[in-house]
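Note sheet for the following structure.
Index from 1, following the sequence.
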Amino acid sequence: MAKLTVSDLDLKGKKVLMRVDFNVPLKENEAGEVIVANDNRIVGALPTIKYVIDNGGRAILFSHLGRIKSEDDKKGLSMKPVAQKLADLLGKPVTFVPATEGPELEEAIAKLNDGEVLVFENTRFEDVKNGVEVKRESKNDPELGKYWASLGDVFVNDAFGTAHRAHASNVGIASNIAQTAAGFLMEKEIKFLGGAVEAPARPFVAILGGAKVSDKIGIIENLLGKADKVIVGGGMAYTFDVANGKKIGNSLFEADKVELAKELIEKAGDKLVLPIDAVTADAFSNDANIEVTDGDIKDGYMGLDIGPKSIDLFKKTLDGAKTVVWNGPMGVFEMPNFAKGTLEVGSYLTTLEGATTIVGGGDSTAAAQQLGIADQLTHISTGGGASLEYLEGKELPGIAAISEK
Ligand code: AMP
């Protein structure tokens, strides 16, 4: 079933509640004012915001910003500088209301004209009331979702990064309003991440890396059931090596996951593709002594990247793929001497003809950006935890709450 998107809505004259992801880093300028340090997320939300106002909607924007556990936390986490940045980027005034509820907010909304934009205060200010942590936003207080829903006519959710959580500002509002639609960013995440796990063009190859098996078990298990091949690299491959009876020296591994790795190896057969060599070092340092080995790893050495034979094997495995999902680096890519595996495998994705290539958040997004290939891949997910849970095959409450077409 397809989800309703913002372009399906009749927006003219409507009060459009918009949950955006304005959880941006802040900093102090020389005058001691708090300003936005990086506006990527605000820029990312512009297409949906512009669409709404260009079509005569009255945009009422809100987002969480940081974590609020005490009244003190509220001081540095107001949405005011974010609203200012948005006004600069839109090139038009934005009304900022320093409240999350009450007459000031309601009156400002009543005064909005078609095509105008309002931003209200950090939704997580509702998590602390009179100094007490009540988590009205984060625990989806039913009264709060109902109240926010009452402020608008329709709801557009464009904040994928919180879709794995049921909060008042996503699920709460959606449960109390006639129509909830995905914004363009959310629509893209559903199309690519959702599409890959639900109906991928085949062959479908997943590349999983990163430090720990325990962080990625859910994804490995889900994708072993869906993908044609699952490549495992990075630190987590050594737990599989131990399961296969190899010696791994001082490499990262999780003793309590060896049995599980054995089960996965048995279940997966040739679907699971593991590294066949490693770049090893005698210390966790870019300046360590380095040896490439395709056998057991020597005592005193640790595997910090996949070796050249593994790079070739992984490239061959990727040949002809029509869908690729990549999550996690192949080695300690932050250190230049151990970045080659991640670099070569990541760059290879850009050469696959006719393939949909998807990066699933977190460190692999950083790696794609570091490699300068981000704009040559089909989709880079904006969600960390949300993309992991999506790839695990879980239903995300924020997406489930969006209306069907
Ligand atoms: P994750 O957050 O699980 O995607 O893990 C990313 C981190 O895993 C990066 O900081 C990498 O440096 C680290 N990593 C990847 N391969 C290895 C390895 N062989 N040994 C230690 N850490 C690794």
Side-chain angles (χ1 to χ4, degrees), residues 1-9 16-24 40-42 44-45 47-49 52 61-67 122-124 126-127 135-142 144-145 148-149 152 154-177 179-199 215-216 218-219 222-223 325 327 358-362 364-365 378-405:
M1 261 185 297
K3 292 288 181 185
L4 198 70
T5 74
V6 62
S7 45
D8 298 316
L9 297 176
V16 187
L17 297 169
M18 298 182 70
R19 174 56 161 106
V20 285
D21 183 358
F22 282 172
N23 185 30
V24 294
N40 280 348
R41 286 189 167 152
I42 308 177
T48 310
I49 299 169
V52 167
L61 270 54
F62 47 94
S63 170
H64 77 281
L65 179 57
R67 284 224 169 91
N122 187 349
T123 55
R124 286 201 183 150
E126 287 289 337
D127 281 349
K135 298 197 173 181
R136 293 186 83 209
E137 153 74 327
S138 301
K139 288 240 167 101
N140 189 13
D141 179 303
L144 183 59
W148 278 337
V154 285
F155 179 37
V156 173
N157 186 356
D158 212 16
F160 176 70
T162 48
H164 58 316
R165 303 270 180 257
H167 289 169
S169 67
N170 57 2
V171 173
I173 299 176
S175 319
N176 287 288
I177 203 159
Q179 277 185 312
T180 298
F184 295 128
L185 285 176
M186 182 75 94
E187 182 184 16
K188 214 171 158 236
E189 299 281 359
I190 296 171
K191 177 173 169 194
F192 290 113
L193 278 184
V197 289
E198 277 153 29
D215 291 342
K216 309 274 168 94
I219 300 188
N222 186 41
L223 293 185
V325 167
N327 180 287
I358 300 155
V359 174
S364 17
T365 304
T378 316
H379 178 64
I380 306 236
S381 176
T382 53
S387 26
L388 294 186
E389 290 197 20
Y390 217 178
L391 292 175
E392 283 172 17
K394 290 188 184 155
E395 181 180 79
L396 307 191
I399 292 180
I402 295 170
S403 315
E404 304 295 336
K405 273 203 201 230

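- By the 4.5 Å heavy-atom criterion applied to side chains, His164 and Lys394 are not counted as neighbours.
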- Task: Could you walk me through whether Phe160 and Ile399 pass side chain to side chain contact (heavy atoms under 4.5 Å, CB included), step by step?
- Result: CA-CA 8 Å; Phe160 176 70; Ile399 292 180; 4.0 Å; yes
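- The aromatic rings of Trp148 and Phe62 lie parallel to each other, with less than 30° between the two planes, well short of the 60° mark.
- At least one donor-acceptor pair closer than 3.5 Å links the side chain of Asn170 to the backbone N or O of Thr162.
- Distance check, rounded to the nearest 0.5 Å: CD of Glu187 to CG of Asn157 gives 13.0 Å.
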- Assess whether side chain to side chain contact (heavy atoms under 4.5 Å, CB included) is satisfied between Thr378 and Phe192, documenting all intermediate values. CA-CA 8 Å; Thr378 316; Phe192 290 113; 3.5 Å; yes
- Can Ile173 and Leu17 be said to form a side chain to side chain contact (heavy atoms under 4.5 Å, CB included), step by step? CA-CA 9 Å; Ile173 299 176; Leu17 297 169; 4.0 Å; yes
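- Of the possible donor and acceptor atoms, none in the side chain of Lys405 sits under 3.5 Å from a partner among the backbone N and O of Ala2.
- A donor-acceptor pair under 3.5 Å links the side-chain atoms of Glu189 to the main chain of Thr382, judged by distance alone.
- Panel note: side chain Asn222, backbone Leu391; a donor-acceptor pair is recorded below 3.5 Å.
- Contact annotation: the side chain of Arg165 never approaches that of Lys139 to less than 4.5 Å [non-hydrogen atoms, C-beta and beyond].
- For the atom pair CE (Met18) and CG (Leu61), the distance works out to 5.5 Å, reported to the nearest 0.5 Å.
- For Thr48, the side-chain hydrogen bond (donor to acceptor under 3.5 Å, both in side chains) partners at least two apart in sequence or on another chain are Asp158.
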Hey, can you pull the donor-acceptor pairs under 3.5 Å for the side chains in residues 179-186, sequence neighbours left out?
none

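- Side-chain N/O atoms of Arg136 and His167 include no donor and acceptor closer than 3.5 Å.
- Here CG of Leu223 is found 11.5 Å from NZ of Lys216. Values are rounded to the nearest 0.5 Å.
- Summarising the geometry, atom OG belonging to Ser364 is positioned 12.0 Å from atom CD1 belonging to Ile358; distances are rounded to the nearest 0.5 Å.
- The shortest distance between side-chain heavy atoms of Ile42 and Phe22 falls below 4.5 Å.
- The two atoms that bring Pro142 and Asn176 nearest to each other are O-ND2, 4.4 Å, heavy atoms only.
- Closest approach of Glu137 and Asp127 over heavy atoms only: N-OD1, 3.1 Å.
- Looking at Asn23, its side chain does come within 3.5 Å of a backbone N or O of Gly66 through a donor-acceptor pair.
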- Message: The test is side chain to side chain contact (heavy atoms under 4.5 Å, CB included); show your working for Ser138 and Arg124 and say whether it passes.
- Response: CA-CA 7 Å; Ser138 301; Arg124 286 201 183 150; 3.9 Å; yes
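- Shown here for Ser387 and Gly360, the closest heavy-atom pair between the two residues is OG-O, 3.7 Å.
- One N or O on the side chain of Ser175 and one on the backbone of Val171 form a donor-acceptor pair closer than 3.5 Å.
- At distances below 3.5 Å, at least one donor-acceptor pair connects side-chain atoms of Asp8 with backbone N or O atoms of Thr5.
- Side-chain atoms of Asn327 never come within 3.5 Å of backbone atoms of Leu388 as a donor-acceptor pair (strictly under, hydrogens ignored).
- Judged purely by atom type and a 3.5 angstrom limit, Ser63 uses its side chain to pair as donor or acceptor with the backbone of Val20.
- With contacts defined as side-chain heavy-atom distances shorter than 4.5 Å, the pair Glu404/Leu4 does not qualify.
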